[in-house]
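Only one structure is covered here, and it is reproduced in the block below.
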Protein chains: 2
Amino acid sequence: MGTTRLESVPEPKYWHLKTVLSDALDSEFSVGQILPNERELAARFGVARATLRQALEQLELEGRLQRRRGVGTTVAPPRMGVAVADAGHAWPGTAADAWQSLDSTEEAPPAAVAHLLETAPDEPVHTVRRHRRTHGQPVAAESLYVPAGSVPGLAAIDAPAGQARARAVLRELQRLRLEGQDRSVELGSARADDAKQLDRLPGAPVLVVTTRYVADGRTAAVAVATYRADTCRLTFADPAGADVELLAV
Amino acid sequence: MGTTRLESVPEPKYWHLKTVLSDALDSEFSVGQILPNERELAARFGVARATLRQALEQLELEGRLQRRRGVGTTVAPPRMGVAVADAGHAWPGTAADAWQSLDSTEEAPPAAVAHLLETAPDEPVHTVRRHRRTHGQPVAAESLYVPAGSVPGLAAIDAPAGQARARAVLRELQRLRLEGQDRSVELGSARADDAKQLDRLPGAPVLVVTTRYVADGRTAAVAVATYRADTCRLTFADPAGADVELLAV
DNA sequence: GAGTGGTCTAGACCACCTC
DNA sequence: AGGTGGTCTAGACCACTCG
């Protein structure tokens, strides 16, 4: 006799577990609170640790949890809104933005960047590394690529690699009249060096923002910024409603 | 004497595996080509299947691979650029955009949306469900929330739930003068219903785009769109650049 | 050193697709 | 029916943090 399996919709355990945990986070936990460890949680729900971890991974991806090796799993605060566009659509480095320059070198950019810059794949370009902190937390790491041909004064820079040189490159860049820019956002995973800056493990999910700066009718520079996907919500203000800029909580 | 541990950085197997596979994809495979199955790949690299899967998951997250149950793992085409802003920052549904309306109901929105709309958490609002296809592929599913108070003509709509009603709601919305909009982008995981629309499994990574439409000095509508993170690269054009070009002419 | 999350294994079974 | 990826288990060891 056919065991009439009613509702044969075997929802995966980890999925159900996720919703149960999510509800518990809403009702029984507060931000910053530390959860029981994975082995105990797994036992409590009667599942293998790997299954429990699958649920936790989802919740971490959604910014609900924060896990740190050797420490534990804590309830994450709501994602912070991070404004991606500089007010006034300026060149990078203008005014007192939240970025901090690290150093500058001259090296061949990734193939994708070279393509955007319309330079030869092995042509070295000025590369400025910066990172961005908000509320004391690292949120983004960026590489800014500027071909020597874009800015005449660039060749004259003789500062050694380092912060001073980075500032010099940005200063030269700002002499150009910015005509426009366009951006794209996609999902990626943190490379080892970015992960270190962002205080995450390699492979952590990041939002990759690629900005193309246009001057003199051509691509003058390209910036590739990786934002922590777990803690950040990228915000874009519409300049048409410039007076309504108060939403970036 | 401090044991100067020279680079004792035991790179995880799945991480190393990922780079090996990534290089192989670049050099030995072409778009659409099908990879050996997971059990064989695992054996070939001498790792457990779970470890191999960890590497594949990363590559899928980065849009390099596409996996489908019962079929296999194939090499994914480059992500497609999807324009998020309508030209001219229009209300949704204007002109021939790529969206297709599905239906419309009146229901209480998610708490986060109610907060943006500044309505009571349980107040029903007009909800329009749409989805978007590009090149024959589903890329996004969206819910548009419009409080009854935003548009006077909304109460008069008597079309039954369905496509006709959805169009009627959009039509009424477009009578308002749009003053501005702002957006945010964050990482999320697909709910069961969205996942179905997007032809993915529940929990698949998505880019959640929240748009707030402002008219009459208040939030007139909120749209929450979920884009497939594996296949999409969201693009934002800078309207300021358009102005400058006009000035330059 | 004790406790945490991160990695890895070697199995098993299930859901889905195609032939 | 056979093959694929998706889920799940019950262990083990490792890397890291902190008292």
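Residue numbering restarts at 1 for every chain, and letters A, B, ... go by the order of the sequence lines.
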Please report, rounded to the nearest Å, how far the P atom of C:dC16 is from the NZ atom of B:Lys196. 11 Å

Are B:Val169 and B:Leu144 close enough, and set up right, to give a side chain to side chain contact (heavy atoms under 4.5 Å, CB included), and what steps lead you there? CA-CA 10 Å; B:Val169 172; B:Leu144 176 68; 5.7 Å; no

Here the distance between atom P of C:dT4 and atom CG of A:Leu65, to the nearest Å, is 16 Å

Measure from the side-chain heavy atoms of A:Arg69 and tell me the nearest of C:dT9, D:dG5, D:dA15. D:dA15

At under 4.0 Å, does any side-chain N or O of A:Asn37 touch on OP1 or OP2 of C:dT4? yes

If the cut-off is 4.0 Å, is B:Tyr14 near the phosphate of C:dT7, judged by side-chain N/O to OP1 or OP2? yes

Map B:Glu38 and A:Val47 onto DNA chain D by nearest heavy atom, then report which one ends up closer to the 5' terminus. B:Glu38

Contact nearer the 5' end of DNA chain D, comparing A:Gly70 with A:Trp15: A:Trp15

Classify the nucleic acid contact of B:Arg68 as base, sugar-phosphate or nothing, counting any heavy atom under 4.0 Å across all strands shown. sugar-phosphate

D:dG5 OP1/OP2 closer than 4.0 Å to side-chain N/O of B:Thr73: yes

Report the nucleotide, chosen from C:dA12, D:dT9, D:dC8, that has the shortest atom-to-atom distance to any side-chain atom of A:Ala48. D:dT9

Specify the separation, in whole Å, of atom CZ of A:Phe45 and atom P of D:dT9. 13 Å

Between CG on residue A:Leu187 and CZ on residue B:Arg228, distance to nearest 0.5 Å: 12.5 Å

Let's see if you can work this out: which of D:dG5, D:dT9, C:dT9 has an atom nearest to the side-chain heavy atoms of A:Lys13? D:dT9

The side chain of A:Arg67 is closest to which nucleotide in this list: D:dC8, C:dA10, C:dG5? C:dG5

Given the structure, check if the side chain of B:Arg39 and the base of D:dG3 hold any donor-acceptor pair shorter than 3.5 Å. no

Side chain of A:Val71: nearest nucleotide among D:dG5, D:dT17, C:dC8? D:dT17

Is the phosphate of D:dT9 approached by A:Thr51 (side-chain N or O, under 4.0 Å from OP1 or OP2)? yes

Is the A:Phe236 ring parallel, tilted or perpendicular to the B:Phe236 ring (thresholds 30°, 60°)? parallel

A:Glu186 side, atom CD; B:Asp230 side, atom CG - distance, nearest 0.5 Å: 11.5 Å

Between CD of A:Glu11 and P of C:dC14 the distance, given in whole Å, is 18 Å

Can a side-chain donor-acceptor contact be found between A:Ser189 and B:Glu62 if the only test is distance below 3.5 angstrom? yes

B:Glu40 CD to D:dT4 P, in whole Å, measures 9 Å

Regarding B:Arg129 and B:Ser143, is there a side-chain donor-to-acceptor distance under 3.5 Å anywhere? yes

Whole-Å distance separating the CG atom of B:Leu201 from the C1' atom of C:dC16: 10 Å

Length of the line joining A:Leu41:CG and C:dT4:C1', which is rounded to integer Å: 12 Å

Whole-Å distance, B:Arg53 CZ to C:dA10 P, equals 17 Å

